[in-house]
Amino acid sequence: MAWVKIADALRAEPGRDITIKGWIRTRRDSKADGGLSFLSVHDGTCFDPIQVVARGDLTNYDSEITTLTTGCAVEVDGRLVESQGKGQSVEIQASAVRIVGWVENPETYPASQKRHTFEYLREVAHLRTRTNTFGAVARVRHTICAAIHRFFDERTFYYVHTPIITASDAEGAGQMFRVSTLDLLNLPRRDDGQIDFARDFFGKQSYLTVSGQLNVESFCLALSRVYTFGPTFRAENSNTSRHLSEFWMIEPEIAFADLADNAQLAEDLLKHVCDDLLTGRGDDMAFFELRIDKNVITRLRAIIDKPFRRITYTDAIAELEKSGKNFEFPVSWGADMQSEHERYLTEERFKQPLIVTDYPKDIKAFYMRMNDDGKTVAAMDVLAPGIGEIIGGSQREERLDRLDARIDEMGLPKEQYWWYRDLRRYGTVPHAGFGLGLERFVQFCTGMANIRDVIPFPRAPRQAEF
RNA sequence: UCCCCGAUAGCUCAAUUGGUAGAGCGAGCGGCUGUUAACCGCUAGGUCGUAGGUUCGAGUCCUACUCGGGGAGCCA
């Protein structure tokens, strides 16, 4: 008999004999017709489980089937038929139920059939994927990633694998994880007493990357339109529902382009992915709307249907000043916007995603392109209601003299950026790009409140189990 | 890292002014039913986060630590 995935079985015409394989979600027994059991079986291929009807005349009915519990792994042969009961259109009349893996102690099975808190399930992350919510998150996350790759592929963007290990302190942004093979208990010292990093694995200090951007710019200035999609690492001691120590980031980079092109690309990407998600994972999205966040679908529809609002940092500050709101942190031109400020703009004032552009140079990275006013840079953040910043990007400074001025101004080690500066010396062009935090976007799309629940095995301060 | 809150049964929580622990769900057994958040009955299950302290007596009060949650900072 053909092994059919449950997603396909639920869509198939009744009448076929098939085999399904999966895990028991629930078992319900009936004494009618000489005894029969209803097994709800899921295999993760879709949101819904399939109902298996196991009758009392099966050889292992009394000995095995009636003792099945949530989590047991089974293979079922049977005929796909129209369901006699309510709640499902088709079901399987079993001709054989083979138990592949028992749950050895149902009393302590961590993912038993009852309501569990997300905090608890995080402690059993190896089993939480069998629940409705985490199965749905996993499928949605996959669909988002696939949609992102498809979006770029259709527009002739090339996928570039930038390194995970880096020796440059990249943008000086954030604490980095050190990568070293030195013996911490017996560090090699130079004559002056300093640690001798020349004897470390790479012959110099090295770290896990905080961004693939600098590297991908090199490919951008050769392949025109490129993107990275990989893990990034921040050693910041952040303990929030929006931060991870290890997370995934999508970073497109486009040549012969300015900030407006960049903003348009960001908007197009988000719209495309949201659209793919609603059409491709309607089952999971219906669940998120019902049980997690009653506004998710409305929010995604708004992303797709409405053009994003664009506003300069200067105008955004003006909006905050005339809001009449009593913010905890004062609003002033030149300071970074606080969470409460972003919240006001996206959730109260405009009630939609916002592209804020042209930030003061002093609060942005050295590689961002200086505007003609000499005070602001061609930066942009995409702020989403409920999440905050999901995209941060900029037009890059393509003029070597301006770039050098910024590097000097910020006291960065110019030698380390020699190859990055070379890109400005040999056929430089205006170019731009941004970083999209995958997990924050998955949060936005699902309504999941904690970022640790949208990545398979979260890494955060003091959290690296599994 | 800072502020606030929390930790009691497998899970979610309750326990009056300090007097040595209860419920629901889950689990097991039985009953009923083409069932589907099933329903009814019975049963088992706890070194009250860890270590100290106050007290005749601590789940309850005090201190430290660990872990978790919410908010903030940093950012994606």
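Letters A, B, ... mirror the listed sequences (proteins, then strands); counts begin at 1.
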What is the distance, rounded to the nearest whole Å, between atom CE of A:Met337 and atom P of B:G73?
13 Å

Rounding to an integer number of Å, can you tell me how far A:Leu39 CG sits from B:A38 C1'?
16 Å

Quick one: CZ on A:Arg462 to CG on A:Asn237, what's the gap to the nearest 0.5 Å?
6.0 Å

Which residues share a side chain to side chain donor-acceptor pair (under 3.5 Å) with A:Glu397, sequence neighbours left out:
A:Arg399

For the residue pair A:Gln463 / A:Arg122, report whether a side-chain donor-acceptor contact shorter than 3.5 Å exists.
no

In whole Å, measure the gap between the P atoms of B:U55 and B:C67 for me.
32 Å

In whole Å, I'd like the distance from the CZ atom of A:Phe38 to the P atom of B:A38.
13 Å

Between B:G73 atom P and A:Glu342 atom CD, what is the distance in whole Å?
9 Å

All ring-ring contact (aromatic ring centres under 6.0 Å, His included) counterparts of A:Trp333, not counting sequence neighbours:
A:Tyr313

By the ring-ring contact (aromatic ring centres under 6.0 Å, His included) test, which pairs, at least two apart or in different chains, include something from residues 113-137 of chain A?
A:His116-A:Tyr120, A:Phe118-A:Phe134, A:His126-A:Phe466

Tell me which of A:Arg343 and A:Phe247 sits closer to the 5' end of RNA chain B, going by the nucleotide each one is nearest to.
A:Arg343

For a quick check of understanding: with a heavy-atom distance under 4.0 Å over all strands, which category does A:Glu91 fall into, base, sugar-phosphate or nothing?
base

What's touching nucleotides 67-70 of chain B from the protein side, N or O pairs under 3.5 Å?
residue	atom	partner	partner atom	Å
B:G69	OP1	A:Arg122	NH1	2.1

Side chain to side chain donor-acceptor pair (under 3.5 Å) involving A:Asp315 - partner list, sequence neighbours excluded:
A:Thr312

Partners meeting side chain to side chain contact (heavy atoms under 4.5 Å, CB included) with A:Asp77 (sequence neighbours left out):
A:Met1, A:Thr19, A:Ser95, A:Ala96, A:Arg98

With A:Tyr61 via ring-ring contact (aromatic ring centres under 6.0 Å, His included) - residues at least two apart:
none

What nucleic acid atoms does A:Leu438 come within less than 4.0 Å of, heavy atoms only: base, sugar-phosphate, or nothing?
nothing

Donor-acceptor pair (no angle test) under 3.5 Å: A:Arg440 side chain, B:C75 base
yes

Over all strands shown, is A:Gln443 touching base, sugar-phosphate only, or nothing at heavy-atom distances under 4.0 angstrom?
nothing

Short side-chain N/O contact from A:Gln338 to OP1 or OP2 of B:G73, under 4.0 Å
yes

Shorter than 3.5 Å, N or O on both sides, protein versus nucleotides 24-28 of chain B: list them out with atom names.
residue	atom	partner	partner atom	Å
B:G26	O2'	A:Ser112	OG	3.3
B:G26	N2	A:Glu107	OE1	2.8
B:G26	N2	A:Glu107	OE2	2.7

Could you tell me how far B:G6 sits from B:A14 if I compare only their C1' atoms? Round to whole Å.
15 Å

Residues 4-57 of chain A vs ring-ring contact (aromatic ring centres under 6.0 Å, His included), sequence neighbours excluded, gives A:Phe47-A:Phe287

For a quick check under 3.5 Å, do A:Glu217 and A:Gln213 share a side-chain donor-acceptor pair by atom type?
yes

Please evaluate the base of B:U35 for a donor-acceptor partner in the side chain of A:Gln88 within a cut-off of under 3.5 Å?
yes

What I want to check is whether an N or O donor and acceptor connect the side chain of A:His243 with the base of B:C75 at under 3.5 Å.
yes

When rounded to the nearest Å, what value does the distance between P atoms of B:A15 and B:C61 take?
12 Å

When the P atoms of B:G68 and B:A27 are considered, how many whole Å apart are they?
28 Å

Strand RNA chain B as a dot-bracket string - pairs counted if Watson-Crick or G-U with both distances under 3.5 Å, | where the partner lies in another strand
(((((((..((((.....[..)))).(((((.......))))).....(((((..]....))))))))))))....

Between C1' on B:U35 and CD1 on A:Ile92, what's the gap in Å once rounded to a whole number?
16 Å

Please report the distance separating the C1' of B:G26 from the corresponding atom of B:A37, rounded so that it comes out in whole Å.
13 Å

Check whether A:Arg234 reaches the backbone of A:Thr232 with its side chain - one donor and one acceptor, N or O, closer than 3.5 Å.
no

With sequence neighbours left out, write down each residue that passes side chain to side chain donor-acceptor pair (under 3.5 Å) with A:Arg11, or none if nothing qualifies.
A:Asp8

Closest to the A:Arg55 side chain: B:G34, B:G31, B:A72?
B:G34

Nearest-Å distance once atom C1' is located in both B:G46 and B:U8
8 Å

Side chain to side chain donor-acceptor pair (under 3.5 Å) partners for A:Asp43, two or more places apart:
A:Thr45

Mind checking if A:Gln51 touches a base, just sugar-phosphate, or nothing, with heavy atoms under 4.0 Å?
base

Using the P atom on both, measure B:U50 against B:G59 and round to a whole Å.
12 Å

Distance in angstrom units between A:Asp381 CG and B:A76 C1', rounded:
10 Å

A:Phe118 CZ to B:U12 C1': how many Å, rounded?
14 Å

Applying a 4.0 Å non-hydrogen cut-off, can you work out what A:Arg25 is touching in the nucleic acid: base, sugar-phosphate, or nothing?
nothing

Comparing nearest nucleotides in RNA chain B, the 5'-proximal residue of the pair A:Gly85, A:Ser339 is A:Gly85

Return yes if the base of B:C74 and the side-chain atoms of A:Ser238 contain a donor-acceptor N/O pair under 3.5 Å, otherwise no.
yes

Between A:Thr240 (side chain only) and A:Arg242 (backbone N and O only), is there a donor and an acceptor less than 3.5 Å apart?
yes

What distance, rounded to whole Å, do you find between the two P atoms, one in B:U43 and one in B:C11?
23 Å

Which listed nucleotide (B:C74, B:C11, B:G34) is nearest to the side chain of A:Tyr120?
B:C11

Could you state the atom-to-atom distance from CD of A:Glu439 to P of B:A76 in whole Å?
14 Å

